[in-house]
Amino acid sequence: MKSTPLRFFAVVGIALLSLALASRDVRAKTRVGLELALLADVSSSVDKAEYNLQLQGYVQAFQSAAVQDAILSGPGSIAVTYIEWSGSTSQSVRIPWTLINSAATANAFAAALSANTRAFTGLTAPGSAINFTVPLFSSNAFTSDRQAIDIAGDGVQNQGASTVTARNNALAAGIDTINGLAILGETGLEAWYNANIKGGVNAFIEPAADFDAFALSLRNKLTWEIKGVPEPATVAIIGGALLGLGAIRLRSRPGRGPDDGRR
């Protein structure tokens, strides 16, 4: 019985040490305004020329003044990783989590993208790609109030985990937003991306007419994504709805008819 206090203090000491180590790990992480995972489709429907257009779209986006200004005037800094994905077991981190907090670091990330080589080809499993990506947020060296996954692709799921389930599980695990860039060509692709991939705070799908239009669509998408605000089309819809609601309220007010004397 005399040893009980010793055991108690030993247990308390171990618990306090564990908390101290956990706190140290949290403090060791670099705080940024956004953690962003870029997921690029490299399935077999993306040929060599299209792959190069897609990759150069990412390069040009991070070289652009629009994206760099969005980072510096918005969150101030972001952590970003670039992942290529295809079939159910085909996901590869091509560029690990990288801090971008200046034009120089954005250009360096673009240079790393430019030097990338294609990981593989195969079927299309965006749900598996989401499942692969989610744990990368907790294991990286950064912390933030916003975590986003950005998926670009030219086709609907034909293999792997359910995309809807993967999306919902990712949001439940703490991912704030999942956006998509649908490279059009396949019938119904944009609608499928809206129904299966888009989710979370201010989520949206940005369409690109084809791979030639990918760079511009990606630049616009990243600009809004990094700022953490709805895309312009969403803003316009919300604004129109509010104007309509305002007009209804004005018409419903007593004494505000055309002959009430007010001009």
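- A donor-acceptor pair under 3.5 Å is absent between the side-chain atoms of T81 and the main chain of A37, judged by distance alone.
- Side-chain contact between S77 and F142: absent, with no pair of heavy atoms (C-beta onward) separated by less than 4.5 Å.
- Residues N196 and Q157 form no side-chain contact, since every pair of their non-hydrogen atoms from C-beta on lies 4.5 Å or further apart.
- Counting all heavy atoms, side chain and backbone alike, Q159 lies closest to S88 at OE1-N, 3.0 Å.
- In plain terms, the two heavy atoms of E35 and S144 that are nearest each other are OE2-OG, 2.7 Å.
- Pairing each heavy atom of N194 with each of I205, the nearest pair is OD1-CG1, 3.5 Å.
- Panel note: side chain S64, backbone A61; a donor-acceptor pair is recorded below 3.5 Å.
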Exercise. Take D41 and Q54 through the test side-chain hydrogen bond (donor to acceptor under 3.5 Å, both in side chains) and record every step on the way to the result.
Key: CA-CA 9 Å; D41 179 3; Q54 181 176 244; over 6 Å; no

Exercise. Give the intermediate values and the outcome of side chain to side chain contact (heavy atoms under 4.5 Å, CB included) for residues L184 and Y193.
Key: CA-CA 11 Å; L184 305 182; Y193 260 60; over 6 Å; no

Self-check item: Stepwise side chain to side chain contact (heavy atoms under 4.5 Å, CB included) test for V32 and I78
Solution: CA-CA 5 Å; V32 293; I78 68 172; 5.5 Å; no

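- With hydrogens and angles ignored, the 3.5 Å screen pairs no side-chain donor or acceptor of R94 with any backbone N or O of L113.
- No single ILVMFWY cluster, assembled from side-chain heavy atoms under 4.5 Å apart, contains both W97 and I226.
- In this structure, N140 and K29 have side chains that are in contact, with non-hydrogen atoms separated by less than 4.5 Å.
- Under the 4.5 Å side-chain criterion, counting only non-hydrogen atoms from C-beta, E186 is in contact with V156.
- Residues I197 and L36 do not share a hydrophobic cluster, clusters being chains of Ile/Leu/Val/Met/Phe/Trp/Tyr side chains in contact below 4.5 Å.
- Side chains of W85 and T124 form a contact here, defined as non-hydrogen atoms less than 4.5 Å apart.
- Taking both residues in full, the closest heavy atoms of D176 and L171 are given as O-CD2, 4.0 Å, listed atom of the first, atom of the second, then distance.
- Nearest heavy atoms, R118 versus D47: NH1-O, 3.7 Å.
- Summarising the geometry of D150 relative to E225, their closest heavy-atom pair is OD2-OE1, 2.6 Å, with the distance given to 0.1 Å.
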Quiz item: Passes side chain to side chain contact (heavy atoms under 4.5 Å, CB included), T177 versus F204? Steps please.
Solution: CA-CA 9 Å; T177 307; F204 64 95; over 6 Å; no

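- Put simply, L216 and L181 are part of two different groups of oily side chains (I, L, V, M, F, W, Y) that touch within less than 4.5 Å, one to the next.
- For the pair I130/I175, no side-chain contact is recorded, criterion being any heavy-atom separation below 4.5 Å from C-beta on.
- If you take CG on L39 and CD1 on I151, they are separated by 5.5 Å, rounding to the nearest 0.5 Å.
- A donor-acceptor pair is defined here as one N or O able to donate and one able to accept, closer than 3.5 Å; no such pair exists between the side chain of S43 and the backbone of T121.
- Close placement of the F214 and Y58 rings is indicated, their centers lying within 6.0 Å of each other.
- Side chains of D154 and F211 form a contact here, defined as non-hydrogen atoms less than 4.5 Å apart.
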Exercise. Decide yes or no on side chain to side chain contact (heavy atoms under 4.5 Å, CB included) for I83 and T133, but give the supporting numbers first.
Key: CA-CA 8 Å; I83 298 161; T133 302; 3.7 Å; yes

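- Both V42 and L38 are part of a single hydrophobic cluster, where members link through side-chain heavy atoms under 4.5 Å apart.
- No hydrogens or angles considered: nothing links the side chains of N131 and Q91 as a donor-acceptor pair under 3.5 Å.
- Using modelled atom types and a 3.5 Å distance limit, the side chains of N116 and E84 yield a donor-acceptor pair.
- Distance CD/Q56 to CD/Q63: 8.0 Å, rounded to 0.5 Å.
- You'll find the side chain of F62 reaches within 4.5 Å of the side chain of I100, heavy atoms only.
- The structure places CD of Q68 at 10.5 Å from OG1 of T223, a figure rounded to the nearest 0.5 Å.
- When hydrophobic clusters are built by joining Ile, Leu, Val, Met, Phe, Trp and Tyr residues whose side-chain heavy atoms come closer than 4.5 Å, directly or via intermediates, I183 is grouped together with V46.
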